[in-house]
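Below is one structure, written out as structure tokens, with a few remarks after it.
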Amino acid sequence: MAGLDKVVGSYEEAMQGLEDGMTVIAGGFGLCGIPENLIKEIRRKGTKELTVASNNCGVDGIGLGLLLDNKQIKKMIASYVGENAAFEQQMMSGELEVELTPQGTLAEKMRAGGAGIPAFFTATGYGTAVGEGKEVREFDGRKYILEESLVGDFSIGKAWKADRHGNLVFRKTARNFNPDAITAGKISVVEVEEIVEPGELDPDEIHLPGIYVNRLIKGEFEKPIEKRTVREA
């Protein structure tokens, strides 16, 4: 069973092979469930000219925002700009190429990529700027546009718990884009809060099987919050 052990001993080893110009697909939603330490390792490596696909691009100085601040991202595929001044500034200046994609379409592009489906039709975006230049077909009287799936050279994700074979359990809303993003990478790297031995996870509790995971690492997490709101005394 040793050959099935996906655990690596360092973040440097986890992101080994990432090179300039590659495509990275990242899980997370806002700052919830982001692979924060894997992102920091990309920042440390200084890998540049990256195409990154994720729901958004973190916030200023946190998450994927770290890579924007360091000018490591050439193109961002995301569903919204969010509260990230660097994202907005680089997009408006033309320094950063941005492909804004409807949120559900982006999730399906990742899921389809992981499932080996090269493209799919969706009604979302038809008749808008999103659909410009894309093939249109009509089904049952409704028009649909053809969207190509996403496959990354690397995918990075965050889960709550895993066994050494890479079977993953996510915690509540931190699941978000992570399962779809993880499956869509040629090399998928996942960081988790806890690693257990094979057989310790109830098969019914596993959200994503280890066949989709190439490398696994246990990390310590800050879990930043975008807006902390507390009740007045």
Side-chain angles (χ1 to χ4, degrees), residues 11-12 14-15 18-107 109-110 150 152-160 170-182 184-185 187-193 217 219-229:
Y11 278 91
E12 183 176 7
M15 295 308 298
L18 180 67
E19 299 177 356
D20 293 353
M22 284 187 168
T23 296
V24 177
I25 299 179
F29 185 100
L31 298 180
C32 179
I34 62 170
E36 55 185 87
N37 297 308
L38 293 171
I39 293 169
K40 289 176 183 176
E41 174 60 18
I42 296 173
R43 162 85 179 221
R44 187 199 67 79
K45 285 171 65 70
T47 317
K48 58 186 184 297
E49 296 290 306
L50 295 172
T51 294
V52 176
S54 190
N55 179 66
N56 60 295
C57 201
V59 299
D60 295 311
I62 304 176
L64 290 171
L66 288 169
L67 305 185
L68 278 181
D69 293 343
N70 211 31
K71 305 295 178 67
Q72 290 174 254
I73 301 178
K74 175 186 68 175
K75 178 180 179 180
M76 190 71 209
I77 303 171
S79 70
Y80 74 111
V81 176
E83 300 176 20
N84 190 320
F87 192 167
E88 180 181 3
Q89 184 274 322
Q90 291 182 29
M91 179 178 72
M92 297 301 290
S93 68
E95 185 177 4
L96 175 70
E97 183 182 351
V98 176
E99 184 179 319
L100 289 176
T101 305
Q103 198 168 83
T105 300
L106 182 59
K109 284 165 79 77
M110 294 178 184
L150 276 171
D153 298 291
F154 272 76
S155 62
I156 56 174
K158 161 76 164 54
W160 173 44
F170 300 93
R171 185 164 174 78
K172 301 186 184 297
T173 57
R175 188 189 311 192
N176 52 60
F177 273 70
N178 274 297
D180 292 337
I182 290 165
I187 298 175
S188 59
V189 188
V190 182
E191 55 179 337
V192 297
E193 297 178 41
I217 188 166
E220 300 292 332
F221 302 91
E222 297 178 11
K223 298 183 182 179
I225 298 174
E226 290 173 70
K227 289 187 178 180
R228 186 181 298 276
T229 304

Go through Lys40 and Glu191 one step at a time and tell me if the salt bridge (charged side-chain N to carboxylate O under 4.0 Å, His left out) criterion holds.
CA-CA 12 Å; Lys40 289 176 183 176; Glu191 55 179 337; over 6 Å; no

For the student: nearest non-hydrogen atoms of [X] and [Y], plus distance:
X      : Y      : answer
Ser79  : Pro102 : CB-C, 4.3 Å
Ala14  : Leu38  : CB-CD2, 4.2 Å
Asn84  : Gly65  : ND2-CA, 4.0 Å
Phe87  : Tyr80  : CE1-O, 3.9 Å
Asn178 : Gly157 : OD1-CA, 3.3 Å
Ala181 : Ser155 : O-CB, 3.2 Å

Compare all side-chain heavy atoms of [X] with those of [Y] and state whether any distance is below 4.5 angstrom.
X      : Y      : answer
Leu150 : Leu106 : yes
Arg43  : Asp69  : yes
Ile42  : Ile156 : yes
Glu36  : Pro224 : yes

For the atom pair [atom1] ([X]) and [atom2] ([Y]), what is the distance rounded to the nearest 0.5 Å?
X      : Y      : atom1 : atom2 : answer
Tyr11  : Lys45  : OH    : NZ    : 14.5 Å
Ile77  : Lys109 : CD1   : NZ    : 7.0 Å
Phe177 : Gln103 : CZ    : CD    : 4.5 Å
Asn55  : Cys32  : CG    : SG    : 11.0 Å
Cys57  : Leu68  : SG    : CG    : 3.5 Å
Lys158 : Arg171 : NZ    : CZ    : 10.0 Å

For Lys48, look at atom NZ and say whether over 12 heavy atoms of other residues, nucleotides or ligands are found less than 6.0 Å away.
no

State whether the number of non-hydrogen atoms from other residues, nucleotides or ligands found under 6.0 Å of Glu12 atom CD is greater than 12.
no

Per side chain to side chain contact (heavy atoms under 4.5 Å, CB included), Leu96 is matched among Lys71, Glu88, Gln90 by Gln90

Any side-chain to backbone donor/acceptor pair from [X] onto [Y]? Under 3.5 Å, distance only.
X      : Y     : result
Asn56  : Gly30 : yes
Asp153 : Leu18 : no
Asp60  : Ala85 : yes
Gln72  : Thr47 : yes

Inspect the contact between Glu193 and Lys223 and indicate whether a charged nitrogen and a carboxylate oxygen are less than 4.0 angstrom apart.
yes

Short N-O contact, Lys75 and Glu99, less than 4.0 angstrom:
yes

Is there a side-chain contact (heavy atoms from CB on, under 4.5 Å) between Met76 and Leu64? Walk through the geometry before answering.
CA-CA 10 Å; Met76 190 71 209; Leu64 290 171; 4.2 Å; yes

